[in-house]
*Asks:* 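Mind looking over this structure? Questions follow.
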Number of protein chains: 2
Amino acid sequence: MFLGTYRHAVDSKGRLAIPARFREQLPTGSIISKGAEGCLQVYGPDEWVKEQSALQLTSESPAEERRLTRMRFGAARECEFDAQGRIVLSADQRGYAGITGIAWIVGVNNLIEIWNDENWRRIGEATPEEYTRIQDQVAERRRGK
Amino acid sequence: MFLGTYRHAVDSKGRLAIPARFREQLPTGSIISKGAEGCLQVYGPDEWVKEQSALQLTSESPAEERRLTRMRFGAARECEFDAQGRIVLSADQRGYAGITGIAWIVGVNNLIEIWNDENWRRIGEATPEEYTRIQDQVAERRRGK
DNA sequence: CACAAAGTGGGGAATGGTGGGGAAAATGGG
DNA sequence: CCCATTTTCCCCACCATTCCCCACTTTGTG
């Protein structure tokens, strides 16, 4: 279970330190790929298999699914931690998420997300009014509709 | 599992270096054929058998399947790596994929794809907005509709 | 206030991609 | 059937990138 928000530096080599609390839960490394709303997502091995095993490229995949499969896996990388607990973000990954200099590392229950300043402020922060409204929206959708 | 996107040169002899990370998973060589949207596809031996065993030319095959079978297998080639980890793309394969000078090599979970610049930019790259939209489309289709 | 743990930064060695030359094999024409 | 030309394959050398290691700074804790 990944919880909390951390603000870490990305150095000139694209290295980003993953918080020690998160690292402890990823003893065998992790997989990083693109996510919705311009974030990057870090999966543990088990969670990755669970999420992605359904997405395979076969001659029966429809066009949209082919495209998603290519983007998702093409953007993904297995990454291990160096002796300092860092991973390396590729130039492509940094470009997609708009990451330069600093990044927000957010624990989201089953996975970790990496955001740039601007996007995290837009998506992750909310006034009490917004928070309440969105919670109610989700509840309503689940109830029936 | 093949992950990541690499941009490699195709030299005047048609040679293309396959990323070391991919090569490790193909100790006994690979099979290369044509794929949808103008890419080339590289299969490991096991994946090739699994994918293509369903596609056989029999007296019961409908006309379209006959054609697909002929194209898929007619274009396919076994290929091994040279001491530098490169494969040789035939003139026919380069022509089909429109590859001149540089190629994108993309790991797509169960297989590897090879793209020219233009096509990969069109299919593989996406803004966060596009990526989010396509992911939602696929999710919606799967949910039921 | 001191010690330990965690994050940051840079330098050097090793790995991986690129390009060219030459030998062997295949092809085509006389 | 033999010779000439082209193509394929193998080997070697160079260069860029990546990875690993070490040292420093900052933060948190006893």
Side-chain angles (χ1 to χ4, degrees), chain A residues 2-32 40 42 74-95 99-107 112-117 120, chain B residues 2-32 40 42 76-95 99-107 112-117 120:
Chain A
F2 304 104
L3 300 177
T5 306
Y6 300 81
R7 188 172 185 274
H8 284 179
V10 178
D11 68 21
S12 56
K13 297 180 180 178
R15 295 180 298 190
L16 173 67
I18 300 297
R21 299 251 172 89
F22 293 174
R23 248 153 43 207
E24 290 165 6
Q25 300 177 56
L26 298 167
T28 59
S30 60
I31 290 139
I32 180 166
L40 301 173
V42 181
R77 282 224 159 160
E78 268 183 285
C79 53
E80 296 182 357
F81 303 105
D82 70 11
Q84 280 66 41
R86 292 173 291 195
I87 60 172
V88 181
L89 301 178
S90 70
D92 176 48
Q93 288 167 342
R94 275 176 288 163
I99 288 170
T100 54
I102 49 168
W104 292 89
I105 304 166
V106 186
I112 301 165
E113 290 189 337
I114 298 170
W115 295 81
N116 79 353
D117 243 321
W120 178 244
Chain B
F2 303 102
L3 300 178
T5 305
Y6 300 82
R7 189 173 187 273
H8 284 180
V10 179
D11 67 21
S12 55
K13 299 178 182 178
R15 296 180 299 189
L16 174 66
I18 300 297
R21 300 248 172 89
F22 294 174
R23 251 154 39 209
E24 289 165 6
Q25 300 178 56
L26 298 168
T28 59
S30 59
I31 291 144
I32 181 167
L40 301 172
V42 182
R77 274 204 173 182
E78 273 183 281
C79 57
E80 295 182 357
F81 304 105
D82 71 10
Q84 279 66 42
R86 293 173 290 197
I87 59 172
V88 181
L89 300 178
S90 70
D92 176 47
Q93 288 166 340
R94 273 177 289 163
I99 288 170
T100 54
I102 50 168
W104 293 88
I105 304 166
V106 186
I112 300 164
E113 291 188 337
I114 299 170
W115 294 81
N116 79 355
D117 237 323
W120 179 247

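Just so you know, these numbers use all the heavy atoms, side chains as well, and skip hydrogens, waters and symmetry mates. Per chain, numbering begins at 1; letters A, B, ... match sequence-line order.
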*Asks:* Please state how far atom CG in B:Asp92 lies from atom C1' in D:dT7, giving the value in whole angstrom units.
*Replies:*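 Checked: the CG to C1' distance equals 17 Å.
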
*Asks:* Taking protein heavy atoms under 4.0 Å as touching, what does nucleotides 15-26 of chain D look like 5' to 3' if B marks base contact, S marks sugar-phosphate-only contact and - marks none?
*Replies:* ----BBBBB---

*Asks:* Please identify each residue that fulfils ring-ring contact (aromatic ring centres under 6.0 Å, His included) with B:Phe22, with sequence neighbours left out.
*Replies:*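 Residues passing ring-ring contact (aromatic ring centres under 6.0 Å, His included) with B:Phe22: B:Phe2, B:Tyr6.
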
*Asks:* In whole Å, I'd like the distance from the OH atom of B:Tyr6 to the C1' atom of C:dT18.
*Replies:*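 Between C1' of C:dT18 and OH of B:Tyr6: 17 Å.
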
*Asks:* Measure the distance from CG on A:Leu16 to P on C:dG9 and round it to the nearest whole Å.
*Replies:*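 After rounding, the reported distance stands at 12 Å.
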
*Asks:* In whole angstroms, how far is the C1' atom of C:dT8 from the CZ atom of A:Arg7?
*Replies:*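 So the two atoms are 14 Å apart, to the nearest Å.
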
*Asks:* If I take atom CD1 from residue B:Ile114 and atom CG from residue B:Leu89, how far apart are they, to the nearest 0.5 angstrom?
*Replies:*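 Between B:Ile114 CD1 and B:Leu89 CG, I get 5.5 Å after rounding to 0.5 Å.
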
*Asks:* A:Thr100: what forms a side-chain contact (heavy atoms from CB on, under 4.5 Å) with it, not counting sequence neighbours?
*Replies:*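 Listed in chain order: nothing, the list is empty.
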
*Asks:* I want to verify a distance call: between C:dG17, C:dT8, C:dA6, whose nearest atom is closest to the B:Arg23 side chain?
*Replies:*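 Output: C:dG17.
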
*Asks:* Without decimals, in angstroms, what is the distance between A:Ile87 CD1 and C:dT8 C1'?
*Replies:*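 Checked: the CD1 to C1' distance equals 15 Å.
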
*Asks:* Give a yes or no on whether A:Glu80 atom CD has more than 12 heavy-atom contacts from other residues, nucleotides or ligands under 6.0 Å away.
*Replies:*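 Counting neighbours around CD of A:Glu80, 12 or fewer heavy atoms of other residues, nucleotides or ligands fall under 6.0 Å, so no.
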
*Asks:* Can you list the residues that meet the side-chain hydrogen bond (donor to acceptor under 3.5 Å, both in side chains) rule with A:Trp104, with sequence neighbours excluded?
*Replies:*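 So A:Trp104 forms a side-chain hydrogen bond (donor to acceptor under 3.5 Å, both in side chains) with A:Asp117.
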
*Asks:* A:Ile18 CD1 to C:dG7 P: how many Å, rounded?
*Replies:*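 Result: 9 Å.
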
*Asks:* Could you tell me which residues satisfy side-chain hydrogen bond (donor to acceptor under 3.5 Å, both in side chains) with A:Asn116, sequence neighbours excluded, listed by chain and number?
*Replies:*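 side-chain hydrogen bond (donor to acceptor under 3.5 Å, both in side chains) check on A:Asn116 returns A:Asn119.
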
*Asks:* What is the separation between atom CG on A:Asp11 and atom P on C:dG10, rounded to the nearest whole Å?
*Replies:*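 Interatomic distance, CG of A:Asp11 to P of C:dG10: 8 Å.
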
*Asks:* Partners of B:Ile31 by side-chain contact (heavy atoms from CB on, under 4.5 Å), sequence neighbours excluded?
*Replies:*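 B:Ile31 satisfies side-chain contact (heavy atoms from CB on, under 4.5 Å) with B:Trp48, B:Ala76, B:Glu78 once adjacent residues are dropped.
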
*Asks:* Roughly what angle, to 10°, lies between the helix axis at the start of the helix from C:dC1-D:dG30 to C:dG30-D:dC1 and the one at its end, five pairs per end?
*Replies:*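 The angle, to the nearest 10 degrees, is 30°.
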
*Asks:* Which pairs, with at least one residue in residues 17-27 of chain B and sequence neighbours excluded, count as a salt bridge (Lys or Arg N to Asp or Glu O under 4.0 Å)?
*Replies:*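 Non-adjacent pairs meeting salt bridge (Lys or Arg N to Asp or Glu O under 4.0 Å): zero.
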
*Asks:* When you match A:Gly85 and B:Ala17 each to their closest nucleotide on DNA chain C, which lands nearer the 5' end?
*Replies:*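 Of the two residues, A:Gly85 wins.
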
*Asks:* What is the separation between atom CD1 on A:Ile102 and atom C1' on C:dG7, rounded to the nearest whole Å?
*Replies:*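 My rounded result for the distance is 15 Å.
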
*Asks:* A:Asp11: what forms a side-chain contact (heavy atoms from CB on, under 4.5 Å) with it, not counting sequence neighbours?
*Replies:*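 A:Asp11 satisfies side-chain contact (heavy atoms from CB on, under 4.5 Å) with A:Lys13, A:Arg15, A:Arg86 only.
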
